[in-house]
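Worth knowing before you read on, the calculation uses all heavy atoms, side chains too, and leaves out hydrogens, waters and symmetry mates. Just so you know, ligand 1 is whichever comes first in the structure, and atom 1 is the first atom listed for that ligand.
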Amino acid sequence: MTGAALIKGHTGDWEVVIGLEVHAHVVSESKLFSAAATTFGAAPNSQVSLVDAAMPGMLPVINMHCVRQAVRTGLGLNAKINLHSVFDRKNYFYPDLPQGYQISQFKQPVVGEGVVVIDMPSGEPREIGIERLHLEQDAGKSLHDQHSTKSYIDLNRAGVALMEIVSKPDMRSADEAAAYLTKMRSILRYLGTCDGNMQEGSMRADVNVSVRRPGTALGTRCEIKNVNSIRFVRQAIEVESWRQVEILEDGGSIDQETRLFDPDKGETRAMRSKEESHDYRYFPDPDLLPLEFDQSFVDDLRAGLPELPDAKKARFVSEYALSEYDAGVLVVERETAAYYEAVVDGEGAGCDPKLAANWVISELFGRLNREGKTIAESPVSATQLSGLIKLVEDDTISGRIAKDVFAQMFETGTDAAAIVAAKGLKQITDSGAIEAAVEKVIQASPEQAVQFREGNQKVAGWFVGQVMKATQGKANPKLVNEILKKKLGG
Ligand code: ADP
Ligand code: MG
(Lines give C-alpha, C1' and ligand atoms only; values in the text may rest on other atoms or scores of the structure.)
(Ligands and ions follow the chains in the order given, each with its own letter.)
Protein backbone atom coordinates (compact mmCIF):
# COMPACT_ATOMS: atom_id res chain seq x y z
CA MET A 1 0.00 0.00 0.00
CA THR A 2 1.32 3.47 -0.79
CA GLY A 3 0.19 7.02 -0.20
CA ALA A 4 0.09 6.65 3.58
CA ALA A 5 0.80 9.96 5.27
CA LEU A 6 2.06 8.79 8.65
CA ILE A 7 1.26 10.70 11.81
CA LYS A 8 4.37 11.38 13.86
CA GLY A 9 3.39 10.80 17.47
CA HIS A 10 5.85 11.14 20.34
CA THR A 11 5.91 7.36 20.77
CA GLY A 12 6.39 6.66 17.03
CA ASP A 13 4.50 6.60 13.73
CA TRP A 14 0.77 5.94 13.26
CA GLU A 15 -1.13 5.12 10.12
CA VAL A 16 -4.64 6.49 9.48
CA VAL A 17 -7.24 4.09 8.06
CA ILE A 18 -10.39 5.48 6.47
CA GLY A 19 -13.58 3.95 5.07
CA LEU A 20 -16.38 6.10 3.66
CA GLU A 21 -20.11 5.56 3.46
CA VAL A 22 -21.47 7.88 0.78
CA HIS A 23 -25.19 8.66 0.79
CA ALA A 24 -26.26 9.76 -2.66
CA HIS A 25 -29.75 10.97 -3.58
CA VAL A 26 -30.90 9.17 -6.70
CA VAL A 27 -31.79 11.45 -9.62
CA SER A 28 -35.46 10.57 -10.04
CA GLU A 29 -38.61 12.62 -10.38
CA SER A 30 -40.45 10.51 -7.85
CA LYS A 31 -39.60 8.75 -4.59
CA LEU A 32 -38.39 5.19 -4.03
CA PHE A 33 -41.79 3.77 -3.01
CA SER A 34 -44.30 6.51 -3.90
CA ALA A 35 -45.20 8.85 -6.76
CA ALA A 36 -44.54 12.05 -4.75
CA ALA A 37 -42.15 14.54 -6.35
CA THR A 38 -38.57 15.10 -5.22
CA THR A 39 -37.83 18.70 -6.30
CA PHE A 40 -35.26 20.32 -4.01
CA GLY A 41 -36.39 23.47 -2.21
CA ALA A 42 -40.17 22.94 -2.65
CA ALA A 43 -42.52 24.38 0.02
CA PRO A 44 -42.44 22.24 3.20
CA ASN A 45 -44.70 19.17 3.10
CA SER A 46 -45.83 19.88 -0.47
CA GLN A 47 -44.34 16.64 -1.78
CA VAL A 48 -45.68 14.04 0.62
CA SER A 49 -47.89 11.10 -0.34
CA LEU A 50 -49.85 8.97 2.10
CA VAL A 51 -47.09 6.34 1.80
CA ASP A 52 -44.39 8.88 2.76
CA ALA A 53 -46.49 10.04 5.71
CA ALA A 54 -46.82 6.36 6.73
CA MET A 55 -50.59 6.32 6.98
CA PRO A 56 -51.81 2.94 8.27
CA GLY A 57 -52.45 0.40 5.54
CA MET A 58 -50.47 2.17 2.82
CA LEU A 59 -48.30 -0.05 0.64
CA PRO A 60 -44.93 0.82 -0.88
CA VAL A 61 -44.57 0.28 -4.64
CA ILE A 62 -41.04 0.00 -5.99
CA ASN A 63 -39.96 2.71 -8.45
CA MET A 64 -38.08 0.79 -11.15
CA HIS A 65 -36.37 3.93 -12.38
CA CYS A 66 -34.54 4.18 -9.04
CA VAL A 67 -33.58 0.51 -9.29
CA ARG A 68 -32.13 1.05 -12.76
CA GLN A 69 -30.20 4.05 -11.48
CA ALA A 70 -28.70 1.94 -8.66
CA VAL A 71 -27.71 -0.81 -11.10
CA ARG A 72 -26.17 1.72 -13.50
CA THR A 73 -24.20 3.18 -10.60
CA GLY A 74 -22.99 -0.28 -9.62
CA LEU A 75 -21.83 -0.88 -13.19
CA GLY A 76 -20.06 2.49 -13.16
CA LEU A 77 -18.24 1.38 -10.01
CA ASN A 78 -17.08 -1.84 -11.71
CA ALA A 79 -19.17 -3.75 -9.20
CA LYS A 80 -20.98 -7.04 -9.09
CA ILE A 81 -24.72 -6.68 -9.69
CA ASN A 82 -26.76 -9.07 -7.56
CA LEU A 83 -29.58 -10.59 -9.60
CA HIS A 84 -31.46 -11.27 -6.39
CA SER A 85 -31.68 -8.68 -3.62
CA VAL A 86 -33.99 -8.00 -0.70
CA PHE A 87 -35.50 -4.98 1.06
CA ASP A 88 -35.36 -5.07 4.84
CA ARG A 89 -36.90 -3.06 7.62
CA LYS A 90 -34.37 -1.30 9.79
CA ASN A 91 -36.25 -0.50 12.99
CA TYR A 92 -35.50 2.68 14.88
CA PHE A 93 -37.41 5.62 16.23
CA TYR A 94 -36.76 9.03 14.78
CA PRO A 95 -39.18 11.97 14.85
CA ASP A 96 -38.62 12.49 11.13
CA LEU A 97 -39.13 8.84 10.21
CA PRO A 98 -42.91 8.40 10.40
CA GLN A 99 -42.94 4.66 9.66
CA GLY A 100 -40.87 3.90 12.75
CA TYR A 101 -38.58 1.91 10.47
CA GLN A 102 -36.55 2.61 7.37
CA ILE A 103 -36.83 0.40 4.30
CA SER A 104 -33.26 -0.45 3.41
CA GLN A 105 -31.21 -3.43 2.25
CA PHE A 106 -29.07 -5.37 4.66
CA LYS A 107 -27.69 -8.84 3.93
CA GLN A 108 -28.59 -8.92 0.24
CA PRO A 109 -27.92 -5.50 -1.33
CA VAL A 110 -28.55 -4.79 -5.02
CA VAL A 111 -24.84 -4.20 -5.70
CA GLY A 112 -21.83 -6.07 -4.29
CA GLU A 113 -18.08 -5.54 -4.45
CA GLY A 114 -16.50 -3.08 -6.86
CA VAL A 115 -13.55 -0.77 -7.31
CA VAL A 116 -12.89 2.95 -7.82
CA VAL A 117 -9.60 4.26 -9.18
CA ILE A 118 -8.55 7.53 -7.56
CA ASP A 119 -6.22 10.08 -9.13
CA MET A 120 -3.42 11.18 -6.83
CA PRO A 121 -1.00 14.02 -7.64
CA SER A 122 1.82 11.45 -7.88
CA GLY A 123 0.04 10.20 -11.00
CA GLU A 124 0.13 6.67 -9.62
CA PRO A 125 -3.34 5.12 -9.85
CA ARG A 126 -4.76 3.88 -6.51
CA GLU A 127 -7.62 1.42 -6.27
CA ILE A 128 -10.18 1.76 -3.49
CA GLY A 129 -12.49 -1.18 -2.92
CA ILE A 130 -16.27 -0.86 -2.80
CA GLU A 131 -17.95 -3.15 -0.30
CA ARG A 132 -21.55 -2.74 -1.44
CA LEU A 133 -24.21 -0.35 -2.68
CA HIS A 134 -27.75 -0.57 -1.39
CA LEU A 135 -30.99 1.31 -1.89
CA GLU A 136 -32.86 2.87 1.00
CA GLN A 137 -35.32 5.64 1.84
CA ASP A 138 -34.23 8.98 3.20
CA ALA A 139 -35.92 10.38 6.32
CA GLY A 140 -37.73 13.73 6.63
CA LYS A 141 -36.26 16.76 8.33
CA SER A 142 -36.99 18.24 11.76
CA LEU A 143 -36.76 22.03 11.92
CA HIS A 144 -35.75 23.31 15.34
CA ASP A 145 -35.06 26.93 14.48
CA GLN A 146 -38.53 28.09 13.34
CA HIS A 147 -40.19 28.58 16.72
CA SER A 148 -38.97 29.19 20.25
CA THR A 149 -40.81 26.26 21.87
CA LYS A 150 -41.89 24.00 18.99
CA SER A 151 -40.16 21.83 16.45
CA TYR A 152 -41.58 21.49 12.95
CA ILE A 153 -41.33 18.62 10.54
CA ASP A 154 -40.88 18.69 6.76
CA LEU A 155 -41.54 15.32 5.13
CA ASN A 156 -40.60 16.30 1.56
CA ARG A 157 -37.40 14.32 1.85
CA ALA A 158 -39.08 11.32 3.52
CA GLY A 159 -38.99 8.42 1.09
CA VAL A 160 -36.56 9.96 -1.40
CA ALA A 161 -34.33 7.21 -2.84
CA LEU A 162 -30.81 7.05 -1.48
CA MET A 163 -27.93 4.92 -2.58
CA GLU A 164 -25.59 4.08 0.26
CA ILE A 165 -22.18 3.32 -1.21
CA VAL A 166 -19.85 1.70 1.32
CA SER A 167 -16.11 1.63 0.68
CA LYS A 168 -13.62 -0.81 2.11
CA PRO A 169 -11.25 0.64 4.71
CA ASP A 170 -8.68 1.23 1.96
CA MET A 171 -7.86 4.92 2.29
CA ARG A 172 -4.75 6.04 4.17
CA SER A 173 -4.89 9.84 4.24
CA ALA A 174 -7.23 12.81 4.08
CA ASP A 175 -5.93 13.43 0.55
CA GLU A 176 -6.98 9.96 -0.56
CA ALA A 177 -10.43 10.39 0.99
CA ALA A 178 -10.83 13.71 -0.82
CA ALA A 179 -9.69 12.14 -4.11
CA TYR A 180 -12.14 9.28 -3.59
CA LEU A 181 -15.08 11.63 -3.04
CA THR A 182 -14.08 13.75 -6.04
CA LYS A 183 -13.94 10.64 -8.22
CA MET A 184 -17.20 9.27 -6.83
CA ARG A 185 -18.97 12.55 -7.54
CA SER A 186 -17.53 12.65 -11.04
CA ILE A 187 -18.74 9.11 -11.82
CA LEU A 188 -22.22 9.77 -10.39
CA ARG A 189 -22.54 12.95 -12.45
CA TYR A 190 -21.39 11.25 -15.65
CA LEU A 191 -24.00 8.57 -15.06
CA GLY A 192 -26.67 11.11 -14.13
CA THR A 193 -27.60 8.97 -11.13
CA CYS A 194 -26.89 11.64 -8.48
CA ASP A 195 -26.25 15.36 -8.96
CA GLY A 196 -23.42 15.20 -6.41
CA ASN A 197 -24.42 18.52 -4.90
CA MET A 198 -23.00 18.40 -1.37
CA GLN A 199 -24.32 21.84 -0.32
CA GLU A 200 -27.88 20.72 -0.96
CA GLY A 201 -27.22 17.44 0.82
CA SER A 202 -27.67 15.32 -2.34
CA MET A 203 -24.40 13.68 -1.45
CA ARG A 204 -23.04 13.32 2.08
CA ALA A 205 -20.49 11.09 3.70
CA ASP A 206 -20.08 9.18 6.95
CA VAL A 207 -16.38 9.07 7.64
CA ASN A 208 -14.96 6.05 9.49
CA VAL A 209 -11.53 6.67 10.98
CA SER A 210 -9.11 4.52 12.95
CA VAL A 211 -5.37 4.60 13.56
CA ARG A 212 -2.81 1.84 13.96
CA ARG A 213 0.90 1.19 14.00
CA PRO A 214 1.97 0.59 10.37
CA GLY A 215 1.65 -3.06 9.42
CA THR A 216 -0.51 -4.10 12.38
CA ALA A 217 -4.19 -5.13 12.53
CA LEU A 218 -6.96 -2.54 12.06
CA GLY A 219 -7.70 -0.35 15.06
CA THR A 220 -11.11 0.49 16.52
CA ARG A 221 -12.97 2.99 14.33
CA CYS A 222 -15.14 5.97 15.05
CA GLU A 223 -17.78 7.03 12.56
CA ILE A 224 -18.23 10.74 11.92
CA LYS A 225 -21.75 11.25 10.64
CA ASN A 226 -23.11 13.34 7.78
CA VAL A 227 -20.15 15.41 6.69
CA ASN A 228 -21.34 17.63 3.86
CA SER A 229 -18.28 18.96 2.04
CA ILE A 230 -14.98 17.55 0.89
CA ARG A 231 -13.15 20.23 2.85
CA PHE A 232 -14.91 19.20 6.06
CA VAL A 233 -14.16 15.51 5.36
CA ARG A 234 -10.46 16.41 5.22
CA GLN A 235 -10.62 18.44 8.41
CA ALA A 236 -12.65 15.79 10.23
CA ILE A 237 -10.07 13.12 9.35
CA GLU A 238 -7.17 15.32 10.49
CA VAL A 239 -8.66 16.16 13.88
CA GLU A 240 -10.16 12.74 14.54
CA SER A 241 -6.97 10.84 13.78
CA TRP A 242 -4.98 13.14 16.07
CA ARG A 243 -7.58 12.74 18.81
CA GLN A 244 -7.21 8.96 18.61
CA VAL A 245 -3.41 9.08 18.54
CA GLU A 246 -3.34 11.25 21.64
CA ILE A 247 -5.64 8.89 23.54
CA LEU A 248 -3.60 5.84 22.53
CA GLU A 249 -0.29 7.49 23.34
CA ASP A 250 -1.62 8.36 26.79
CA GLY A 251 -2.27 4.65 27.29
CA GLY A 252 -6.03 4.85 26.70
CA SER A 253 -8.22 2.95 24.23
CA ILE A 254 -10.71 4.01 21.55
CA ASP A 255 -14.42 3.37 22.10
CA GLN A 256 -16.29 2.54 18.92
CA GLU A 257 -18.77 5.38 18.67
CA THR A 258 -20.63 7.73 16.39
CA ARG A 259 -19.30 11.29 16.41
CA LEU A 260 -20.18 14.67 14.93
CA PHE A 261 -17.76 17.10 13.29
CA ASP A 262 -18.09 20.72 14.38
CA PRO A 263 -16.43 22.86 11.69
CA ASP A 264 -16.61 26.03 13.81
CA LYS A 265 -14.70 24.51 16.69
CA GLY A 266 -12.61 22.20 14.48
CA GLU A 267 -13.31 19.15 16.65
CA THR A 268 -15.35 15.96 16.70
CA ARG A 269 -17.79 15.22 19.54
CA ALA A 270 -19.30 11.97 20.74
CA MET A 271 -22.93 11.57 19.60
CA ARG A 272 -23.77 8.06 20.73
CA SER A 273 -21.95 4.85 21.44
CA LYS A 274 -22.04 2.58 18.43
CA GLU A 275 -25.19 0.57 17.94
CA GLU A 276 -24.81 -2.96 16.56
CA SER A 277 -26.78 -4.18 13.59
CA HIS A 278 -28.83 -6.54 15.83
CA ASP A 279 -30.12 -3.46 17.65
CA TYR A 280 -32.11 -2.61 14.53
CA ARG A 281 -33.95 -5.95 14.36
CA TYR A 282 -33.58 -6.10 10.59
CA PHE A 283 -36.07 -8.38 8.84
CA PRO A 284 -37.22 -8.70 5.21
CA ASP A 285 -39.99 -6.18 4.51
CA PRO A 286 -43.17 -8.24 4.06
CA ASP A 287 -44.72 -5.50 1.88
CA LEU A 288 -42.09 -5.86 -0.85
CA LEU A 289 -41.03 -8.74 -3.05
CA PRO A 290 -37.32 -9.40 -3.49
CA LEU A 291 -35.79 -7.69 -6.54
CA GLU A 292 -35.14 -10.25 -9.28
CA PHE A 293 -33.26 -9.33 -12.48
CA ASP A 294 -32.52 -11.24 -15.66
CA GLN A 295 -28.93 -10.97 -16.80
CA SER A 296 -30.23 -9.27 -19.98
CA PHE A 297 -31.69 -6.45 -17.87
CA VAL A 298 -28.21 -5.78 -16.48
CA ASP A 299 -26.52 -6.20 -19.87
CA ASP A 300 -28.87 -3.68 -21.50
CA LEU A 301 -28.11 -1.12 -18.81
CA ARG A 302 -24.41 -1.74 -19.25
CA ALA A 303 -24.67 -1.22 -23.00
CA GLY A 304 -26.34 2.14 -22.39
CA LEU A 305 -23.66 3.57 -20.09
CA PRO A 306 -21.82 6.68 -21.22
CA GLU A 307 -18.03 6.75 -21.53
CA LEU A 308 -16.88 7.20 -17.90
CA PRO A 309 -14.02 9.38 -16.59
CA ASP A 310 -11.30 6.69 -16.48
CA ALA A 311 -12.00 5.51 -20.02
CA LYS A 312 -12.22 9.07 -21.28
CA LYS A 313 -8.95 9.96 -19.57
CA ALA A 314 -7.18 6.97 -21.14
CA ARG A 315 -8.58 7.93 -24.53
CA PHE A 316 -7.45 11.56 -24.16
CA VAL A 317 -3.94 10.33 -23.33
CA SER A 318 -3.74 7.98 -26.31
CA GLU A 319 -5.76 9.93 -28.88
CA TYR A 320 -4.54 13.45 -28.12
CA ALA A 321 -1.15 12.63 -26.54
CA LEU A 322 -2.05 14.60 -23.40
CA SER A 323 -0.25 14.10 -20.10
CA GLU A 324 -2.07 11.98 -17.48
CA TYR A 325 -2.42 15.12 -15.40
CA ASP A 326 -3.98 17.28 -18.13
CA ALA A 327 -6.28 14.48 -19.23
CA GLY A 328 -7.33 13.94 -15.60
CA VAL A 329 -8.20 17.61 -15.13
CA LEU A 330 -10.20 17.76 -18.36
CA VAL A 331 -12.38 14.73 -17.64
CA VAL A 332 -13.52 15.54 -14.07
CA GLU A 333 -16.71 17.07 -15.45
CA ARG A 334 -18.43 15.64 -18.48
CA GLU A 335 -19.26 19.13 -19.81
CA THR A 336 -15.64 20.23 -19.65
CA ALA A 337 -14.45 17.16 -21.50
CA ALA A 338 -17.09 17.77 -24.17
CA TYR A 339 -16.02 21.41 -24.49
CA TYR A 340 -12.39 20.38 -24.89
CA GLU A 341 -13.25 17.84 -27.57
CA ALA A 342 -15.29 20.45 -29.41
CA VAL A 343 -12.26 22.79 -29.42
CA VAL A 344 -10.00 20.05 -30.79
CA ASP A 345 -12.26 18.55 -33.43
CA GLY A 346 -15.75 19.97 -33.20
CA GLU A 347 -17.68 21.14 -36.24
CA GLY A 348 -16.11 24.29 -37.66
CA ALA A 349 -13.25 23.93 -35.18
CA GLY A 350 -10.04 21.94 -35.04
CA CYS A 351 -6.60 22.69 -33.63
CA ASP A 352 -3.58 21.20 -31.93
CA PRO A 353 -4.77 19.06 -28.98
CA LYS A 354 -1.91 19.95 -26.64
CA LEU A 355 -2.22 23.68 -27.26
CA ALA A 356 -5.97 23.31 -26.76
CA ALA A 357 -5.46 21.56 -23.41
CA ASN A 358 -3.18 24.37 -22.23
CA TRP A 359 -5.66 27.02 -23.29
CA VAL A 360 -8.65 25.31 -21.72
CA ILE A 361 -6.88 24.47 -18.45
CA SER A 362 -4.88 27.64 -17.82
CA GLU A 363 -6.64 30.48 -19.59
CA LEU A 364 -10.27 29.42 -19.78
CA PHE A 365 -10.54 27.64 -16.38
CA GLY A 366 -8.52 30.39 -14.73
CA ARG A 367 -10.83 33.08 -16.03
CA LEU A 368 -14.04 31.12 -15.37
CA ASN A 369 -12.92 30.45 -11.79
CA ARG A 370 -12.17 34.09 -11.15
CA GLU A 371 -15.63 35.03 -12.43
CA GLY A 372 -17.40 32.19 -10.64
CA LYS A 373 -18.79 30.87 -13.93
CA THR A 374 -19.32 27.30 -15.10
CA ILE A 375 -18.16 26.06 -18.49
CA ALA A 376 -21.76 26.23 -19.73
CA GLU A 377 -21.71 29.96 -19.00
CA SER A 378 -18.45 30.60 -20.83
CA PRO A 379 -18.77 33.69 -23.05
CA VAL A 380 -16.16 32.11 -25.34
CA SER A 381 -17.55 29.13 -27.26
CA ALA A 382 -15.47 26.08 -28.13
CA THR A 383 -15.47 27.08 -31.79
CA GLN A 384 -14.30 30.58 -30.90
CA LEU A 385 -11.49 29.31 -28.69
CA SER A 386 -10.43 26.97 -31.45
CA GLY A 387 -10.36 29.94 -33.84
CA LEU A 388 -8.00 31.81 -31.51
CA ILE A 389 -5.67 28.82 -31.12
CA LYS A 390 -5.51 28.41 -34.90
CA LEU A 391 -4.28 32.00 -35.21
CA VAL A 392 -1.42 31.13 -32.85
CA GLU A 393 -0.69 27.90 -34.67
CA ASP A 394 -0.33 29.54 -38.09
CA ASP A 395 1.74 32.43 -36.66
CA THR A 396 -0.88 35.09 -37.36
CA ILE A 397 -0.49 36.27 -33.76
CA SER A 398 2.01 35.48 -31.03
CA GLY A 399 1.08 33.53 -27.90
CA ARG A 400 1.59 36.69 -25.88
CA ILE A 401 -0.89 38.73 -27.92
CA ALA A 402 -3.31 35.80 -28.00
CA LYS A 403 -3.75 36.20 -24.24
CA ASP A 404 -4.88 39.80 -24.68
CA VAL A 405 -7.19 38.75 -27.51
CA PHE A 406 -8.64 36.02 -25.29
CA ALA A 407 -9.36 38.56 -22.54
CA GLN A 408 -11.28 40.68 -25.05
CA MET A 409 -13.15 37.68 -26.41
CA PHE A 410 -14.18 36.78 -22.86
CA GLU A 411 -15.49 40.29 -22.25
CA THR A 412 -17.21 40.90 -25.58
CA GLY A 413 -17.96 37.46 -27.04
CA THR A 414 -16.32 38.56 -30.31
CA ASP A 415 -14.39 36.16 -32.59
CA ALA A 416 -10.59 36.23 -32.38
CA ALA A 417 -10.10 37.05 -36.09
CA ALA A 418 -12.35 40.10 -35.83
CA ILE A 419 -10.45 41.45 -32.82
CA VAL A 420 -7.08 40.86 -34.49
CA ALA A 421 -8.22 42.64 -37.66
CA ALA A 422 -9.86 45.57 -35.87
CA LYS A 423 -6.87 46.22 -33.61
CA GLY A 424 -4.16 45.45 -36.17
CA LEU A 425 -2.59 42.78 -34.01
CA LYS A 426 -1.39 40.61 -36.84
CA GLN A 427 2.12 39.41 -36.23
CA ILE A 428 4.91 40.99 -38.31
CA THR A 429 6.45 38.15 -40.28
CA ASP A 430 7.92 40.36 -42.96
CA SER A 431 11.65 39.99 -42.33
CA GLY A 432 12.42 43.35 -44.00
CA ALA A 433 10.31 45.20 -41.43
CA ILE A 434 11.89 43.26 -38.57
CA GLU A 435 15.39 43.88 -39.93
CA ALA A 436 14.72 47.59 -39.96
CA ALA A 437 13.55 47.51 -36.36
CA VAL A 438 16.58 45.46 -35.32
CA GLU A 439 18.99 47.83 -37.01
CA LYS A 440 17.47 50.82 -35.28
CA VAL A 441 17.87 49.18 -31.88
CA ILE A 442 21.48 48.20 -32.62
CA GLN A 443 22.36 51.70 -33.67
CA ALA A 444 20.87 53.17 -30.54
CA SER A 445 22.74 50.75 -28.25
CA PRO A 446 26.33 50.18 -29.38
CA GLU A 447 27.54 49.13 -25.91
CA GLN A 448 24.92 46.41 -25.63
CA ALA A 449 25.80 45.27 -29.15
CA VAL A 450 29.36 44.60 -27.99
CA GLN A 451 28.13 42.68 -24.97
CA PHE A 452 25.80 40.65 -27.21
CA ARG A 453 28.73 39.67 -29.41
CA GLU A 454 30.59 38.56 -26.28
CA GLY A 455 27.77 36.11 -25.72
CA ASN A 456 26.00 37.84 -22.81
CA GLN A 457 22.64 36.00 -22.60
CA LYS A 458 20.97 38.67 -20.53
CA VAL A 459 21.73 41.29 -23.15
CA ALA A 460 20.45 38.96 -25.86
CA GLY A 461 17.12 38.84 -24.04
CA TRP A 462 17.19 42.60 -23.61
CA PHE A 463 17.60 43.06 -27.38
CA VAL A 464 14.60 40.85 -28.11
CA GLY A 465 12.61 42.92 -25.63
CA GLN A 466 13.65 46.19 -27.32
CA VAL A 467 12.66 44.95 -30.75
CA MET A 468 9.33 43.71 -29.43
CA LYS A 469 8.74 47.09 -27.84
CA ALA A 470 9.53 48.85 -31.10
CA THR A 471 6.96 46.65 -32.89
CA GLN A 472 4.24 46.79 -30.17
CA GLY A 473 4.83 43.12 -29.45
CA LYS A 474 3.82 42.12 -32.95
CA ALA A 475 7.15 40.90 -34.34
CA ASN A 476 7.43 37.15 -34.73
CA PRO A 477 9.81 36.21 -31.88
CA LYS A 478 11.49 33.44 -33.87
CA LEU A 479 12.34 35.82 -36.70
CA VAL A 480 13.54 38.47 -34.25
CA ASN A 481 16.00 35.99 -32.76
CA GLU A 482 17.24 34.84 -36.13
CA ILE A 483 17.75 38.35 -37.44
CA LEU A 484 19.48 39.51 -34.26
CA LYS A 485 21.91 36.63 -34.57
CA LYS A 486 22.50 37.40 -38.19
CA LYS A 487 23.15 41.10 -37.57
CA LEU A 488 25.23 40.74 -34.44
CA GLY A 489 26.69 37.30 -34.96
CA GLY A 490 25.76 35.07 -32.03
P1 ADP B 1 -22.07 0.46 9.89
O2 ADP B 1 -23.47 0.19 9.51
O3 ADP B 1 -21.68 -0.04 11.22
O4 ADP B 1 -21.68 1.87 9.67
P5 ADP B 1 -21.02 -0.35 7.39
O6 ADP B 1 -20.62 -1.70 6.93
O7 ADP B 1 -22.18 0.32 6.75
O8 ADP B 1 -21.19 -0.43 8.94
O9 ADP B 1 -19.78 0.61 7.19
C10 ADP B 1 -18.59 0.40 7.82
C11 ADP B 1 -17.59 1.39 7.23
O12 ADP B 1 -16.48 1.47 8.11
C13 ADP B 1 -17.02 0.95 5.90
O14 ADP B 1 -16.87 2.07 5.05
C15 ADP B 1 -15.67 0.36 6.26
O16 ADP B 1 -14.74 0.50 5.23
C17 ADP B 1 -15.27 1.21 7.43
N18 ADP B 1 -14.38 0.52 8.38
C19 ADP B 1 -14.49 -0.72 8.86
N20 ADP B 1 -13.49 -0.99 9.74
C21 ADP B 1 -12.73 0.14 9.80
C22 ADP B 1 -11.56 0.51 10.55
N23 ADP B 1 -10.99 -0.31 11.41
N24 ADP B 1 -11.08 1.76 10.35
C25 ADP B 1 -11.66 2.63 9.50
N26 ADP B 1 -12.76 2.33 8.79
C27 ADP B 1 -13.30 1.11 8.93
MG1 MG C 1 -22.68 3.26 8.83
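- Heavy-atom proximity to atom 4 (O) of ligand 1, evaluated over Gln256, Glu164, Glu223, is greatest for Glu223.
- For residues 30-87, the pairs satisfying ring-ring contact (aromatic ring centres under 6.0 Å, His included) are Phe33-Phe87, with sequence neighbours left out.
- For Lys168, the NZ atom counts as densely surrounded, since its 6.0 Å shell holds more than 12 non-hydrogen atoms of other residues, nucleotides or ligands.
- Contact annotation for Leu20 and ligand 1: only backbone heavy atoms (N, CA, C, O) come within less than 4.0 Å of the ligand.
- Remark: among candidates Val22, Asn208, Val207, Ile130, the nearest residue to atom 12 (O) of ligand 1 is Asn208, based on non-hydrogen atoms.
- Figure legend: cation-pi geometry between Lys90 and Tyr280, with NZ or CZ positioned under 6.0 Å from the six-membered ring centre and within 45° of its axis.
- Ligand 1 has an N or O atom lying under 3.5 Å from an N or O atom of Gly219, backbone or side chain.
- No side-chain heavy atom of Asp13 sits under 4.5 Å from any side-chain heavy atom of Arg213.
- Considering Ser210, Ser167, Gly129 only, the shortest heavy-atom separation from atom 22 (C) of ligand 1 involves Ser210.
- Sequence neighbours left out, the pairs with a member in residues 321-357 that pass ring-ring contact (aromatic ring centres under 6.0 Å, His included) are Phe316-Tyr340, Tyr320-Tyr340.
- Below 3.5 Å of separation, one finds no N or O of Leu218 facing any N or O of ligand 1.
- For atom 10 (C) of ligand 1, the candidate residues are Lys90, Lys168, Arg221, Glu131; the nearest heavy-atom contact is made by Arg221.
- Taking every non-hydrogen atom of Val166 and a distance limit under 4.0 Å, the qualifying atoms of ligand 1 come out as 9 (O), 13 (C), 14 (O).
- The side-chain heavy atoms of Glu136 and Gln105, taken from C-beta on, include no pair separated by under 4.5 Å.
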